[in-house]
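The block underneath contains the structure these notes are about, expressed in structure tokens.
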Amino acid sequence: GAGVSQSPSNKVTEKGKDVELRCDPISGHTALYWYRQSLGQGLEFLIYFQGNSAPDKSGLPSDRFSAERTGGSVSTLTIQRTQQEDSAVYLCASSLGGGSSYGYTFGSGTRLTVV
Amino acid sequence: AQKITQTQPGMFVQEKEAVTLDCTYDTSDPSYGLFWYKQPSSGEMIFLIYQGSYDQQNATEGRYSLNFQKARKSANLVISASQLGDSAMYFCAMREGLAVRQFYFGTGTSLTVIP
């Protein structure tokens, strides 16, 4: 697609429920990233995928968070047993590849509210 | 130590004036890239400008320029002839090395352009 697509754009869920957030990167982009942005805060790195390599999960805040990327394209971020502190905007980004000159293209984010 | 430091939580500028948003970074890797992103109230992250660590000249993109002072490890964003539409959060980010790696983001500067 022309840009990074994320769905849903907004999600309200009850505490304790599981949620799945989806990211469809730009076609041909081999690298995919998930970030979290809490209200008034900067971006917190969660996880990234590069091609067929094992993902870097070093930013996942707890074992309730997991992500997968199928076929080197679409990615799903899953949060189990959601807590109120999980409320944030979850941003997905993709880039053409490695190297420090490659910038990200971000999606519009999923605003998650846990009530 | 913080990888990216933005010390100005909020800035005001008169319309048509120039404004400088500060960013300092910390890395021991000789190869890195520096980026600025704009995040309007709608939430999307918009790429503005990139500076590579080996670039000899300061990057410019339209009204945006990056004042790169390598020895001081600073990468300030200069916006010339400010417009009302420039009101947004601005994030400085860094990517280290040659492999695909996460970006490190600062905490952002909120810019308000006054008519």
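From a predicted model like this one, the values you see are computed outputs, not experimental measurements. When reading the values below, keep in mind they use all heavy atoms of this one structure, side chains included, and skip hydrogens, waters and symmetry mates. Residue numbers begin at 1 in each chain, while the letters A, B, ... track the order of the sequences.
- In this structure, B/F35 is a member of the same hydrophobic cluster as A/F45, with clusters built from ILVMFWY side-chain heavy atoms closer than 4.5 Å.
- If you chain together hydrophobic residues whose side chains sit under 4.5 Å apart, B/Y90 and B/V13 fall into the same group.
- Contacts between A/I47 and chain B at a heavy-atom distance below 4.5 Å are absent for every atom of the residue.
- The choice from B/F91, B/F47, B/Y104 that makes the most heavy-atom pairs within less than 4.5 Å of chain A is B/F91.
- Residues B/L84 and B/L77 share a single hydrophobic cluster, defined by chaining ILVMFWY side chains whose heavy atoms lie under 4.5 Å apart.
- Residue contact with chain A, scored on non-hydrogen atoms closer than 4.5 Å, involves the side chain of B/Q39 exclusively.
- Connection of B/L34 to B/Y64 is established within a shared hydrophobic cluster, with ILVMFWY side chains joined at heavy-atom distances below 4.5 Å, either directly or through further cluster members.
- Under the 30°/60° scheme for interplanar angles, the aromatic rings of A/Y104 and B/F105 are found to be tilted.
- In this structure, the separation between CD on A/Q37 and CE on B/M45 is 6.5 Å, given to the nearest 0.5 Å.
- Separation of the B/F103 and A/Y35 ring centroids does not fall under the 6.0 Å cut-off.
- Linking Ile, Leu, Val, Met, Phe, Trp and Tyr whenever their side-chain heavy atoms come within less than 4.5 Å puts B/M11 and B/W36 in one cluster.
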